[in-house]
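Here's the structure we're looking at; comments come further down.
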Amino acid sequence: QVQVVESGGGLVQAGGSLRLSCTVSGLYSDDYAMGWFRQAPGKEREGISCINWSARLTYYEDPVKGRFTMSRDNAKNTLFLQMNSLKPEDTAMYYCALEVGMTWGGRCPHASLFTYWGQGTQVTVSS
């Protein structure tokens with residue numbers, strides 16, 4: 001059974017940095033996509049970045065482009081999200097999601113297309 005676990009959230013001042021981790025277990029395929037999503041109180045869940053693992057394709061949505069960077073540790077089955085120059089509007093619960101056999105073009109796939117989700121990790125940016 002595929003499991004996805006996020007970690008690394010916390011409280012940081014505006015302009016600071018955090019690195020989120022997303023560790024996957026129970027997956028026996030190299031053909032999958034992963035995405036980072038976030039949801040602020042009273043708002044819909046939004047995609048912020050995604051990666052096609054086998055094709056090594058990545059995409060970043062405009063609100064985080066140039067500030068957030070994904071990287072991965074294949075040996076540890078872990079995807080990282082380095083978040084720099086954080087803003088108060090980045091405050092949200094951050095989720096990692098995975099879907100097997102997913103390919104796409106352009107923007108990140110909608111959240112509804114991902115099957116496996118982590119429990120989320122809270123990121124709070126103070127002004």
Side-chain angles (χ1 to χ4, degrees):
Q1 182 176 352
V2 176
Q3 290 189 322
V4 177
V5 178
E6 308 98 333
S7 62
L11 173 64
V12 64
Q13 289 188 334
S17 299
L18 282 174
R19 189 177 78 158
L20 305 184
S21 299
C22 175
T23 300
V24 178
S25 61
L27 180 66
Y28 302 98
S29 170
D30 290 332
D31 182 16
Y32 58 93
M34 296 183 71
W36 284 101
F37 296 79
R38 66 186 182 186
Q39 188 167 18
K43 295 188 176 181
E44 292 187 357
R45 188 169 297 189
E46 63 172 348
I48 57 176
S49 64
C50 52
I51 180 170
N52 178 307
W53 207 265
S54 58
R56 301 183 182 231
L57 297 175
T58 60
Y59 187 89
Y60 298 89
E61 298 289 350
D62 286 345
V64 305
K65 194 174 296 182
R67 299 188 298 123
F68 291 9
T69 304
M70 290 183 293
S71 62
R72 60 188 192 179
D73 184 333
N74 290 337
K76 296 182 179 180
N77 293 327
T78 298
L79 177 69
F80 301 101
L81 182 68
Q82 178 67 41
M83 305 186 296
N84 298 329
S85 302
L86 283 162
K87 306 174 182 179
E89 50 263 44
D90 293 319
T91 295
M93 184 71 78
Y94 282 70
Y95 298 90
C96 179
L98 181 148
E99 180 63 26
V100 178
M102 176 187 284
T103 59
W104 76 89
R107 298 183 64 184
C108 293
H110 192 270
S112 62
L113 298 177
F114 288 85
T115 299
Y116 303 101
W117 289 83
Q119 79 289 350
T121 185
Q122 178 67 38
V123 172
T124 303
V125 184
S126 62
S127 58

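Just so it is clear, the model here is predicted, and its values are computed rather than measured. Throughout, numbering of the chain's residues begins at 1 and tracks the sequence.
Note that the CD1 atom of I51 and the CG atom of L57 stand 8.5 Å from one another [nearest 0.5 Å]. Here the SG atom belonging to C50 is positioned 9.0 Å from the CE atom belonging to M102, to the nearest 0.5 angstrom. Taking OG1 from T91 and CD from Q122, the interatomic distance works out to 7.5 Å, rounded to the nearest 0.5 Å. Distance check: F68 CZ to I48 CD1 gives 5.5 Å after rounding to the nearest 0.5 Å. Taking CD from E46 and SG from C108, the interatomic distance works out to 11.0 Å, rounded to the nearest 0.5 Å. In this structure, the separation between CG on L79 and CD on E6 is 10.5 Å, given to the nearest 0.5 Å.
Counting only residues at least two apart or on different chains, no salt bridge (charged side-chain N to carboxylate O under 4.0 Å, His left out) pair has a member in residues 109-119. Residue pairs satisfying the disulfide bond (SG atoms under 2.5 Å apart) criterion with at least one member in residues 65-105, sequence neighbours excluded, are listed as follows: C22-C96. Screening residues 90-119 for salt bridge (charged side-chain N to carboxylate O under 4.0 Å, His left out) gives R38-D90, E61-R107, R67-D90 as the qualifying pairs, with residues at least two apart or on separate chains. Residue pairs meeting the ring pair (Phe, Tyr, Trp, His ring centres under 6.0 Å) criterion with at least one partner in residues 15-35, sequence neighbours excluded, are Y32-W53. For residues 68-84, no pair satisfies salt bridge (charged side-chain N to carboxylate O under 4.0 Å, His left out), with sequence neighbours left out. Sorted by first then second residue, the side-chain hydrogen bond (donor to acceptor under 3.5 Å, both in side chains) pairs that include residues 9-21, not counting sequence neighbours, are S17-N84.
Following chains of ILVMFWY side-chain contacts shorter than 4.5 Å, one can reach L113 starting from W117, so the two form part of one hydrophobic cluster. W36 and F80 fall into different hydrophobic clusters, where Ile, Leu, Val, Met, Phe, Trp and Tyr residues are linked whenever their side-chain heavy atoms come under 4.5 Å apart, directly or through other members.
Here the closest heavy-atom approach between residue S49 and residue Y60 is recorded as CB-CD2, 3.6 Å. Closest approach of V123 to L18, counting heavy atoms only: CG1-CD1, 3.9 Å. Taking every heavy atom of both residues into account, G16 and V12 meet most closely at CA-CG2, 3.8 Å. Taking each heavy atom of G26 and V2 in turn, the nearest pair found is O-CG2, 3.6 Å.
Under the side-chain hydrogen bond (donor to acceptor under 3.5 Å, both in side chains) criterion, S127 pairs with no residue, sequence neighbours left out. By the ring-ring contact (aromatic ring centres under 6.0 Å, His included) test, Y94 pairs with no residue at all, sequence neighbours left out. The side-chain hydrogen bond (donor to acceptor under 3.5 Å, both in side chains) search around Y59 returns none, not counting sequence neighbours. Residues satisfying the side-chain hydrogen bond (donor to acceptor under 3.5 Å, both in side chains) criterion with Q119, sequence neighbours excluded, are absent altogether. Residues satisfying the ring-ring contact (aromatic ring centres under 6.0 Å, His included) criterion with Y116, sequence neighbours excluded, are absent altogether. T23 meets the side-chain hydrogen bond (donor to acceptor under 3.5 Å, both in side chains) test with T78; sequence neighbours excluded.
Looking only at side-chain heavy atoms (C-beta outward), Q39 and F37 stay at 4.5 Å or farther from each other. No side-chain heavy atom of Q82 sits under 4.5 Å from any side-chain heavy atom of L20. At least one side-chain heavy atom of L27 sits less than 4.5 Å from a side-chain heavy atom of L98.
With T121 contributing its side chain and G9 its backbone, the two residues share a donor-acceptor pair below 3.5 Å.
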